[in-house]
Amino acid sequence: MTEQILGLHHITAIAANAQRNLDFYTKVLGLRLVKKTVNFDDPGTYHFYYGNENGTPGTILTFFPWESMSQGRAGAGMATEISYAVPSNSLKAWKERLAGFNITITDEGERFGEPFISFSDPDGLNLTLLEPKTADNRQAWETADVKADIATKGFHSTTLSLRKIDATAAVLTDIFGYRLQAQEGNRYRYVTDAVESAGVIDLLELPDGQPGYNAAGTNHHVAFRVADDSILMKFRDKVVSKGLQITPKIDRDYFFSLYFREPGGVLFEIATDNPGFTVDEPLDELGSNLKLPKQYEQHRKEIENHLPVLAQ
Ligand code: ZN
């Protein structure tokens with residue numbers, strides 16, 4: 001079993017309204033809700049996981065929709081863009097689709113020779129759809145109106161905005177096994193060869209960048225993927241050996257996790273493939289039941305009464 005970091009596992013962001021978030025990601029973007037649970041540290045708030053059919057690591061975007069959360073601001077020391085791979089020649093159809101939902105394209109062009117469009121989710125979270133040069137062979141989740149010819153394949157990359165990239169780059173190269181692949185202006189592309197997809201991290205150097213403020217419409221943390229929890233603990237030793245603080249192993253029910261803040265300010269997590277999202281509901285029912293960690297099961301009624309009612 002490979003003892004490498006296998007690209008991205010998931011990205012977690014903050015929203016201010018559960019229903020609006022659910023509608024956008026499942027109906028507009030066409031992702032599958034693969035798990036509906038609560039914030040393990042705050043069970044009065046949902047935790048939504050969106051991904052492909054199985055919720056394969058590298059496709060998972062998760063949200064804490066804190067009702068009426070104040071607006072955050074993307075900035076230095078944060079992941080400031082999430083980029084999804086889409087099929088070749090699908091961006092035109094996406095532009096038409098997004099226009100139909102009155103969603104404005106905020107940026108478009110080519111980056112490292114790959115065409116992209118950017119826009120925001122209803123909370124202002126910055127999203128990009130990108131046609132990779134090398135075809136992404138992951139099987140997309142299809143919905144009634146987002147079919148495989150345009151459907152997202154999962155993450156292509158995320159962009160971290162930093163005042164200075166050196167120390168963050170060192171974490172990527174010296175601990176996580178990434179290498180610098182290319183540079184375009186102040187954008188530095190790091191890749192891992194351990195995986196065929198979701199293996200790209202862009203570092204954007206903004207020496208005068210204002211620090212971000214972590215609230216609605218911003219990313220909370222970026223999780224990197226490892227195969228299992230014994231490999232997870234080997235990475236814990238590596239992080240500690242670089243003099244960085246890191247949490248003990250935490251059981252997130254669907255994976256095991258470690259968290260540490262990299263020197264540039266971004267909260268990093270390392271998360272395992274095991275046990276995965278089918279641990280507590282069958283594949284065809286993923287996301288359709290409210291799942292609670294066992295410590296909250298005895299309070300299910302109370303929790304259900306408190307959570308916003310959702311139309312799915
Ligand atoms: Zn996480």
Side-chain angles (χ1 to χ4, degrees), residues 7-42 44-52 55 57-85 103 106-107 118-130 152 154-162 198 200-202 204 211-225 252 254-255 257 259 261-262 264-271 277 287 308 310:
L8 290 167
H9 186 285
H10 66 271
I11 297 172
T12 293
I14 303 172
N17 182 286
Q19 184 72 58
R20 188 175 67 181
N21 181 263
L22 182 67
D23 288 346
F24 180 82
Y25 284 96
T26 59
K27 297 191 175 126
V28 179
L29 271 199
L31 305 182
R32 184 180 194 194
L33 179 69
V34 293
K35 194 63 65 182
K36 182 170 58 177
T37 181
V38 292
N39 182 327
F40 288 11
D41 304 312
D42 174 15
T45 301
Y46 283 114
H47 191 183
F48 293 151
Y49 290 79
Y50 303 105
N52 66 1
T59 74
I60 309 162
L61 178 58
T62 99
F63 284 90
F64 298 125
W66 273 296
E67 300 301 311
S68 308
M69 166 62 91
S70 64
Q71 185 64 42
R73 185 185 62 239
M78 261 188 192
T80 50
E81 181 185 295
I82 295 166
S83 179
Y84 279 96
I103 295 166
T106 53
D107 193 13
S118 297
F119 52 96
S120 299
D121 87 351
D123 287 290
L125 189 74
N126 189 20
L127 299 171
T128 288
L129 302 179
L130 178 147
T152 61
F155 296 137
H156 169 268
S157 57
T158 184
T159 298
L160 311 183
S161 289
L162 302 157
V200 177
I201 302 285
D202 281 355
L204 196 61
Y213 170 63
N214 205 209
T218 64
N219 289 304
H220 188 264
H221 63 263
V222 175
F224 292 84
R225 173 185 186 187
R252 291 300 185 197
Y254 310 107
F255 43 85
S257 287
Y259 300 83
R261 199 167 291 279
E262 59 81 25
V266 185
L267 185 59
F268 277 1
E269 176 181 349
I270 309 174
F277 293 103
L310 298 174

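- Nearest heavy-atom pair across R252 and S257 is CG-OG, 3.7 Å.
- Inspection of the T12 and H221 side chains reveals an N or O donor paired with an N or O acceptor under 3.5 Å.
- Taking the side chain as every heavy atom from C-beta outward, N219 and I11 approach each other to under 4.5 Å.
- Atom CG of L204 is separated from atom OG of S161 by 4.5 Å, given to the nearest 0.5 angstrom.
- Atom-to-atom distance recorded for L8:CG and R225:CZ is 10.0 Å, nearest 0.5 angstrom.
- The distance from the OG atom of S157 to the CG atom of L130 is 6.5 Å, given to the nearest 0.5 Å.
- Shown here for N21 and A15, the closest heavy-atom pair between the two residues is ND2-CB, 3.6 Å.
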task: Please assess I14 against Q71 for the test side-chain contact (heavy atoms from CB on, under 4.5 Å), listing each intermediate value before the final yes or no.
output: CA-CA 9 Å; I14 303 172; Q71 185 64 42; over 6 Å; no
task: Let me see the working for V266 and R261 under side-chain contact (heavy atoms from CB on, under 4.5 Å), right down to the final yes or no.
output: CA-CA 6 Å; V266 185; R261 199 167 291 279; over 6 Å; no
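- Residues F64 and Y46 place their aromatic rings such that the two centres sit no closer than 6.0 Å.
- A distance of 14.0 Å separates CE in M78 from OG1 in T159, rounded to the nearest 0.5 Å.
- Between L160 and I201 there is a side-chain heavy-atom pair separated by less than 4.5 Å.
- For the pair A215 and M69, the tightest heavy-atom approach, listed with the atom from each and the gap, is CB-SD, 3.9 Å.
- Taking every heavy atom of both residues into account, T106 and S120 meet most closely at CG2-OG, 4.4 Å.
- When side chains are defined from C-beta on, F277 counts as touching I60, because their heavy atoms get closer than 4.5 Å.
- Within the model, atoms CG of L310 and CZ of F48 stand 4.5 Å from one another, a figure rounded to the nearest 0.5 Å.
- No side-chain heavy atom of L31 sits under 4.5 Å from any side-chain heavy atom of T26.
- At least one side-chain heavy atom of I82 sits under 4.5 Å from a side-chain heavy atom of L125.
- Judged purely by atom type and a 3.5 angstrom limit, D123 uses its side chain to pair as donor or acceptor with the backbone of A16.
- Residues H10 and F255 place their aromatic rings such that the two centres sit under 6.0 Å apart.
- Residues Y25 and Y50 place their aromatic rings such that the two centres sit under 6.0 Å apart.
- Taking the centre of each ring, Y259 and F268 stay at or above the 6.0 Å mark.
- Counting heavy atoms from C-beta outward, F224 and E269 have side chains that stay 4.5 Å or more apart.
- Closest approach of P65 to A18, counting heavy atoms only: CB-CA, 3.6 Å.
- By the side-chain hydrogen bond (donor to acceptor under 3.5 Å, both in side chains) test, T128 pairs with E81, S118, sequence neighbours left out.
- Checked by atom type and distance alone, the side chain of T158 never pairs as donor or acceptor with a backbone atom of A79 at under 3.5 Å.
- Between the CZ atom in F63 and the CG atom in L22 there is a gap of 11.0 Å [rounded to 0.5 Å].
- Using a 4.5 Å cut-off on side-chain heavy atoms (C-beta onward), N214 and H220 make contact.
- With no hydrogens or angles considered, a side-chain donor-acceptor pair links W66 and D42 at under 3.5 Å.
- Under the 4.5 Å side-chain criterion, counting only non-hydrogen atoms from C-beta, P308 is not in contact with Q19.
- Judged purely by atom type and a 3.5 angstrom limit, R32 has no side-chain atom pairing as donor or acceptor with the backbone of Y49.
- Using a cutoff of 4.0 Å between basic side-chain nitrogens and carboxylate oxygens, D121 and R20 are not scored as salt-bridged.
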